[in-house]
Amino acid sequence: MKRIITVVSSIVLTAALGSANAQPFSIEKVRAIPLQLGDEFVGLISDLIQDTDGRYYLTDWQQHSVWICDSEGKLIRRVGREGAGPGELQHPTGTAVFEDKVIVLDTGNGRVMIFKKDGTHSNDFRLDFLPMTSGILVSKDGRIAVNSLWEPTLFTVYDMDGGIIGSRGERVPDQAVGYTIGDQHFSQTPDGHILYSTVKEYPVYRMQWDGTVIATYEADSPGYGKLTYPPGAMFINHKEIMKIWTPILRALVVSDHVLTQRKKENVESDGTIDYFGDLFTMAGEPVQLAIELPMQFYAADGNLLYGIDTTPVDEGEDNPHIVVYRLVE
């Protein structure tokens, strides 16, 4: 599908080069797409994806719904409502699309909920693990992967009826750490591989659906700090850990590179969060490190990156905006 993009503003973001031969990249803001939801109001968005027809799917953790909007941000329909029955959601944290299905990680109810694109309930199935589920993907042949930061494996693969195909990858035993709603930790590449961040530390993995690691992405990036537990600690002081730790978030394929993302919480000052990205070749070679990012990006398409800006563009506009940036060499 051909898309016409109008450049409304440009922000060139500085970065530190990963090597002397690296070409400098910058990130430019392309446009802001206001969400036009009529009388509806967005709550806390925990995920954003786009399908092949340009429609946006925004998982709303607070409103217990998924907003489906067209390419200009106009509401097509609201999928789901608060509750625990068929077609109802409780604090969903991720959405995937497969053919005519909208597949939602219904975190609060410990299940996967499957709708048709017209919003009607199709089927659902329970997960065999509950704590700290934080992401969902669907393969090109209809397999569903769900990850949990609590489980000893990286993710579990299901069929569309909820049958378990298998659990993939191994996690460091003390990997289970708290995370913020709205953070995402794995994505899918254009050729169908999984990009997985273990959150706690590098590396990020590019994996096949059977768990085979194809490539790793890891760098000693300026400002990066891995999670370390104080020796013998029974309880973890969040503020002390966040002084050093920069959690690794969702990695994305942008152009022909992999962009890993991490955040730094300014716990000793105003509590704001800064985002940074490290750019790699697909094979895993660092290209450019510590790129300043304006926000966490949830999706990518070619050289475009998509995020959510909760600050209205115009005074009086209550709903957030989808914002589009472009990676420029």
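- No donor-acceptor pair under 3.5 Å is formed between the side chain of T107 and the backbone N or O of G110.
- With hydrogens and angles ignored, the 3.5 Å screen pairs no side-chain donor or acceptor of K29 with any backbone N or O of R326.
- When side chains are defined from C-beta on, Y217 does not count as touching T281, because their heavy atoms never get closer than 4.5 Å.
- With hydrogens and angles disregarded, a donor-acceptor distance shorter than 3.5 Å links the side chain of D70 to the backbone of K74.
- The two residues L127 and Y158 have their closest heavy-atom pair at CD2-OH, 3.7 Å.
- In this structure the side chain of I291 never reaches within 4.5 angstrom of the side chain of L289, judged on heavy atoms.
- Remark: D118 does not engage K116 in a salt bridge, criterion side-chain N to carboxylate O under 4.0 Å.
- Counting only distance, with no hydrogens or angles, the side chain of E201 and the backbone of P247 share no donor-acceptor pair below 3.5 Å.
- Side chain of S46 to main chain of P92: a donor-acceptor pair is present (N/O by atom type, distance under 3.5 Å, no hydrogens or angles).
- The backbone N or O of K264 sits nowhere less than 3.5 Å from a side-chain atom of W245 that would complete a donor-acceptor pair.
- The CD1 atom of I248 lies 11.5 Å from the CG atom of D183; values are rounded to the nearest 0.5 Å.
- Between the side chain of S197 and the backbone N or O of V199 there is at least one donor-acceptor pair closer than 3.5 Å.
- When atom types are taken as modelled, the side chain of Q63 and the backbone of F41 share a donor-acceptor pair closer than 3.5 angstrom.
- One hydrophobic cluster, built from ILVMFWY side chains closer than 4.5 Å, holds both I33 and V30.
- Side-chain contact between I49 and Q188: absent, with no pair of heavy atoms (C-beta onward) separated by less than 4.5 Å.
- Interatomic distance, I308 CD1 to H321 NE2, rounded to the nearest 0.5 Å: 10.5 Å.
- Counting heavy atoms from C-beta outward, E218 and V204 have side chains that stay 4.5 Å or more apart.
- Annotation for G43 and Q62: closest pair CA-OE1, 3.2 Å, computed over non-hydrogen atoms.
- One finds the CD1 atom of I144 at 9.5 Å from the NZ atom of K101 (value rounded to the nearest 0.5 Å).
- With 3.5 Å as the limit, one finds no donor-acceptor pair spanning the side chains of T95 and D47.
- In this structure, Q288 CD and F280 CZ are separated by 11.5 Å, a value rounded to the nearest 0.5 Å.
- Side-chain N or O atoms of D51 include one that pairs as donor or acceptor with a backbone N or O of G54 at under 3.5 Å.
- Taken together through direct or relayed side-chain contacts under 4.5 Å among Ile, Leu, Val, Met, Phe, Trp and Tyr, L48 and V102 form parts of separate hydrophobic clusters.
- In terms of heavy-atom proximity, F186 sits nearest to G135 at CE2-C, 3.2 Å.
- Side-chain rings of Y306 and Y298 stay apart, their centers remaining 6.0 Å or farther from each other.
- A side chain to side chain donor-acceptor pair (under 3.5 Å) with D106 is found for one member of R111, R126, H91 and no other, namely R111.
- Interatomic distance, S255 OG to L279 CG, rounded to the nearest 0.5 Å: 8.5 Å.
- Checking side-chain atoms of T246 against main-chain N and O of R262 turns up no donor-acceptor pair under 3.5 Å.
- The residue from L35, L58, L44 that alone fulfils the side chain to side chain contact (heavy atoms under 4.5 Å, CB included) condition with P320 is L35.
- The local environment of CD1 in I214 is crowded, with over 12 non-hydrogen atoms from other residues, nucleotides or ligands closer than 6.0 Å.
- For Y196 and Y205, the gap between ring centers reaches or exceeds 6.0 Å.
- The environment of CG in D220 is sparse: at most 12 heavy-atom neighbours from other residues, nucleotides or ligands sit within 6.0 Å.
- Side-chain rings of Y224 and Y202 approach one another, their centers coming within less than 6.0 Å.
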